Amino acid sequence: MIDKQQVTTALFEQWDVIDALLSELDEDRWRVSTPLPGWDVHAVVAHIVGTESLLHGEPLPSVDADVRARAHVKNEIAAMNEQWVESLRPLTGAQLLERYRTITAQRRTDLAAMTDEAWYTPAMSPIGE
């Protein structure tokens, strides 16, 4: 069993570190490529926002682009991630940072309110239960 307090404390600390790093970026640096094929810094943050939004209960956004046709999209999980990235792509870095801050604040509340029973209930993930 993984201790809820230990995990959430570590997660919240990492969200704060990411926030501090992102706060220092100008718009050009949001668009710097990363080692992840097809993704710049903006896309990586959009992925985090998308994942946390789904966990918060928000629906997967619809997009006009055929994200499955992109060379770096290899499976359905990747396509789902890419839908979030595509839907958030028009935002400036500052706007995406605000979305990041909003969803991580909501997720902190969600996780703090989660009962031990819910925390320890097995759930599905991209790598299985």
Side-chain angles (χ1 to χ4, degrees):
M1 297 288 196
I2 300 172
D3 181 70
K4 176 185 168 187
Q5 186 63 45
Q6 183 180 4
V7 171
T8 55
T9 297
L11 178 61
F12 299 164
E13 287 172 1
Q14 293 310 302
W15 284 344
D16 291 342
V17 169
I18 292 168
D19 187 304
L21 289 170
L22 296 174
S23 296
E24 297 178 8
L25 298 182
D26 63 23
E27 192 59 36
D28 289 338
R29 296 204 51 209
W30 278 90
R31 303 302 175 164
V32 170
S33 294
T34 71
L36 298 170
W39 281 11
D40 55 14
V41 173
H42 190 281
V44 172
V45 178
H47 168 57
I48 296 169
V49 169
T51 298
E52 296 305 328
S53 295
L54 278 173
L55 292 170
H56 182 62
E58 294 180 28
L60 187 64
S62 61
V63 296
D64 291 332
D66 180 7
V67 297
R68 287 171 181 78
R70 295 178 180 166
H72 61 276
V73 177
K74 307 288 187 194
N75 56 45
E76 287 306 306
I77 296 295
M80 181 179 68
N81 291 335
E82 197 69 20
Q83 281 183 250
W84 279 103
V85 171
E86 183 66 23
S87 73
L88 296 169
R89 191 176 313 278
L91 299 182
T92 66
Q95 291 168 327
L96 185 58
L97 179 55
E98 187 56 38
R99 286 282 301 265
Y100 173 86
R101 288 174 174 159
T102 298
I103 194 59
T104 55
Q106 290 170 328
R107 292 290 294 141
R108 287 174 200 257
T109 300
D110 294 346
L111 291 167
M114 186 179 279
T115 65
D116 286 345
E117 180 181 5
W119 178 262
Y120 292 112
T121 299
M124 291 307 295
S125 79
I127 59 169
E129 189 174 286

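Since this is a predicted model, take the numbers as computed values, not measurements. Atoms considered below: every heavy atom in the structure, side chains included; atoms not considered: hydrogens, waters and symmetry mates.
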Partner residues of Thr109 under the side-chain contact (heavy atoms from CB on, under 4.5 Å) criterion, sequence neighbours left out: none
Qualifying residues under salt bridge (charged side-chain N to carboxylate O under 4.0 Å, His left out), relative to Arg107, sequence neighbours excluded: Glu52, Asp110
Summary of side-chain hydrogen bond (donor to acceptor under 3.5 Å, both in side chains) pairs that have at least one residue in residues 114-123, sequence neighbours excluded: none
Partner set under side-chain contact (heavy atoms from CB on, under 4.5 Å) for Asn75, not counting sequence neighbours: Ile77, Ala78
From CD (Glu76) to CG (Asn81), nearest 0.5 Å: 11.0 Å
Between CE on residue Met80 and OG1 on residue Thr51, distance to nearest 0.5 Å: 6.5 Å
All side-chain contact (heavy atoms from CB on, under 4.5 Å) counterparts of Glu129, not counting sequence neighbours: Pro122, Met124
Closest heavy-atom pair and its distance - Val67, Val73: O-CG2, 3.2 Å
Heavy-atom check, side chain of Val45 versus side chain of Trp30, under 4.5 Å: yes
Val17 side chain near Glu13 side chain, heavy-atom distance below 4.5 Å: no
Contacts of Arg70 that satisfy salt bridge (charged side-chain N to carboxylate O under 4.0 Å, His left out) - sequence neighbours left out: Glu82, Glu86
For Gln106, side-chain contact (heavy atoms from CB on, under 4.5 Å) partners two or more places apart: His56, Glu58, Thr102, Ile103
Straight-line distance of Leu25 CG to Leu96 CG, nearest 0.5 Å: 10.5 Å
With sequence neighbours excluded, residues passing ring-ring contact (aromatic ring centres under 6.0 Å, His included) with Phe12: Trp15
Spatial distance of atom CG (Asp19) from atom CG (Leu97) [nearest 0.5 Å]: 5.5 Å
Shared hydrophobic cluster, Ile18 / Leu55 (ILVMFWY, side-chain heavy atoms < 4.5 Å): no
Cluster link Ile2 to Leu111, ILVMFWY, side chain under 4.5 Å: yes
Where at least one partner belongs to residues 31-42, residue pairs that pass salt bridge (Lys or Arg N to Asp or Glu O under 4.0 Å), sequence neighbours excluded: Glu27-Arg31
Connected hydrophobic set around Trp39, excluding itself, where side chains approach under 4.5 Å: Leu36, Val44, Val85
Side chains of residues 59-66: which donor-acceptor pairs under 3.5 Å do they make with residues two or more places apart or in other chains?
unit_1	atom_1	unit_2	atom_2	d
Asp66	OD1	Arg68	N	3.4

Shortest non-hydrogen separation from Ser53 to Trp84 and the atoms involved: CB-CH2, 3.6 Å
Any residue meeting salt bridge (charged side-chain N to carboxylate O under 4.0 Å, His left out) with Glu24, in chain and number order, not counting sequence neighbours: none
ILVMFWY cluster, Leu54 and Leu11 together (side-chain gap under 4.5 Å): yes
